[in-house]
Protein chains: 2
Amino acid sequence: MRISELSRRSGVSVATIKYYIREGLLPTGRPTAATQAEYDDQHLRRLRLIRALIGVRGLSVNATRDVLEALSQEQADTHRILGLALGASRLAEETAQEHRQLAEVDTLIEEMGWRVHSNASARTALADTLATLDDLGVPLDWGALLRYAKLAEQTAGVDLDQLEGAEDLLEAAERAVLLTTLLEPALLALRKLAQEHESARRHNI
Amino acid sequence: MRISELSRRSGVSVATIKYYIREGLLPTGRPTAATQAEYDDQHLRRLRLIRALIGVRGLSVNATRDVLEALSQEQADTHRILGLALGASRLAEETAQEHRQLAEVDTLIEEMGWRVHSNASARTALADTLATLDDLGVPLDWGALLRYAKLAEQTAGVDLDQLEGAEDLLEAAERAVLLTTLLEPALLALRKLAQEHESARRHNI
DNA sequence: CAAGATTGGAGAGTTCCACTATCCAGCATA
DNA sequence: TATGCTGGATAGTGGAACTCTCCAATCTTG
């Protein structure tokens, strides 16, 4: 198919497809002439993934490219993908406060018995939030943190179960990305609904 | 204190403070003369909260204003805050697909016995993601959804426990906002760490 | 009490991002 | 052969989040 058909089938404008190609989110088509190229179902599939990551998950184009690069580099290795596909995280200036929080995060990881090698951004993101809560005078106590961690562990268990049924490796890798990245807002939405219910229950409304 | 001291103590530039005042995130100081106003610790506190919501949580200025308005309007009612303080969510076009997913979400809410009245944005956010996953050929099955929901319920339990110790109502309301909004990236970070561990465990690495 | 810095308020300017539009020569189709 | 589509490049758009500049009034310092 040519670009206009790709556009029609994906619902993404030709101009935007060109933009994604320029930005390295989407590979170019197979050129058939100087001003002609051929696109296939892989392109369509990739384009849908891009739109999901940008539109539903709210990732930036840059963050999306990072995720996609991890996807293509590590297609054979689902485990690595899970470690890599975490997307955008803020760059944190290293204050003394942050260092202390980072140490607390590492203690938590040890306490949970988690074997975590890379994932520096998740560690700093966590330390970041803990530091901010401290600054705001609403520190999160160790017990709560531990309970959250245990629930996260169970959640990850459900996540990994979802990967079992995957047929080919490409699909497994893609599914891993979707579960780490795309499911985030859904889980947060679930938590909000549960909060409202739990609040109503405790206040006897 | 005057604006420059507020700036120095908060680490936010004077220009930005003025911008937040213009945008309605921060109330004006108490005017003492035509070109002078007095700020207090409440302003400083509010400013730190704003920076946390924008910087750490990544909320937009508009979304932050919504959260802050909910905070000031419903200070006395923690439950309402929890329902309101969910911040930015994408506007979804109502396709037939979406309707089906929304029905599934409602079935889930019923199955869980959740009493949820408002929170339309959490419902659509959830339906959105389910629809997208379906479109991408990686549907989330009912069992997994139910397991996620149960974990969300337990997470909400921990959340609500955190509110117990609050002394005054203002603090309770603020804490509710921080827990619904600011803790999100932390929980997602925990999930990522847990995923990496769980993946390593299952693959015997 | 004069000089210099600071202030509140408002408008304009800046930077970044995610597109979107325009242009062009080459190609496909009728 | 004319009409429209194509890849590639460049420029333009609109929104968001600041940031700068200006002003007269006011405060502070010497």
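In what follows, chains carry the letters A, B, and so on, assigned in the order in which the sequence lines appear, proteins first and then strands, with residues in each chain numbered from 1. Note that these values count all heavy atoms, side chains included, but never hydrogens, waters or copies made by symmetry. A quick note: this is a predicted structure, and the numbers were derived from the prediction, not measured.
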- Among residues two or more places apart or on two chains, list those pairs meeting ring-ring contact (aromatic ring centres under 6.0 Å, His included) that have a residue in residues 13-41 of chain A. Y39(A)-H43(A)

- Task: Rounded off to whole Å, could you give me the CD-to-C1' distance for the E38(A) and dG7(D) pair?
- Result: 14 Å

- Item | Partners passing side-chain hydrogen bond (donor to acceptor under 3.5 Å, both in side chains) against R22(A) (at least two apart in sequence or in another chain) | none

- Out of R147(A), R191(A), K192(A), which one pairs with D159(B) under the salt bridge (Lys or Arg N to Asp or Glu O under 4.0 Å) rule? R191(A)

- Task: Let me know the distance between NE2 of H43(B) and C1' of dG8(C), rounded to the nearest Å.
- Result: 13 Å

- Across all chains, not counting sequence neighbours, the side chain to side chain contact (heavy atoms under 4.5 Å, CB included) partners of A149(A) are L108(A), M112(A), W114(A), L190(B)

- Kindly write out the residues that satisfy side chain to side chain contact (heavy atoms under 4.5 Å, CB included) with T35(A), not counting sequence neighbours, or none if the list is empty. none

- Item | Nucleotide dA18(C), atom C1' - distance to CZ of R65(A) in whole Å | 12 Å

- Task: Report the distance from atom CD1 of I17(B) to atom C1' of dC20(D), rounded to the nearest whole Å.
- Result: 16 Å

- Task: Let me know the distance between CD1 of I21(A) and P of dA18(C), rounded to the nearest Å.
- Result: 17 Å

- Item | Any residue meeting side chain to side chain contact (heavy atoms under 4.5 Å, CB included) with R2(A), in chain and number order, not counting sequence neighbours | Q36(A)

- nucleotides 23-30 of chain D: protein proximity per nucleotide (B base, S sugar-phosphate only, - neither; heavy atom, under 4.0 Å): --BSSS--

- Task: Would you mind reading off the distance between M1(A) atom CE and dT6(D) atom C1', rounded to a whole angstrom?
- Result: 16 Å

- Separation of dA18(C) C1' from E23(A) CD (nearest whole Å): 9 Å

- Query: Atom CZ of R8(B) to atom P of dA5(C): distance rounded to whole Å?
  - Reply: 18 Å

- R48(A): what forms a side-chain hydrogen bond (donor to acceptor under 3.5 Å, both in side chains) with it, not counting sequence neighbours? none

- Query: Which nucleotides of nucleotides 9-18 of chain D have their base under 4.0 Å from a protein heavy atom (B), which only their sugar-phosphate (S), and which neither (-), written as one string 5' to 3'?
  - Reply: -BB-----BB

- With sequence neighbours excluded, residues passing side-chain hydrogen bond (donor to acceptor under 3.5 Å, both in side chains) with D141(B): none

- Query: Checking S7(B) side chain against I3(B) main chain: does a donor-acceptor pair fall under 3.5 Å?
  - Reply: no

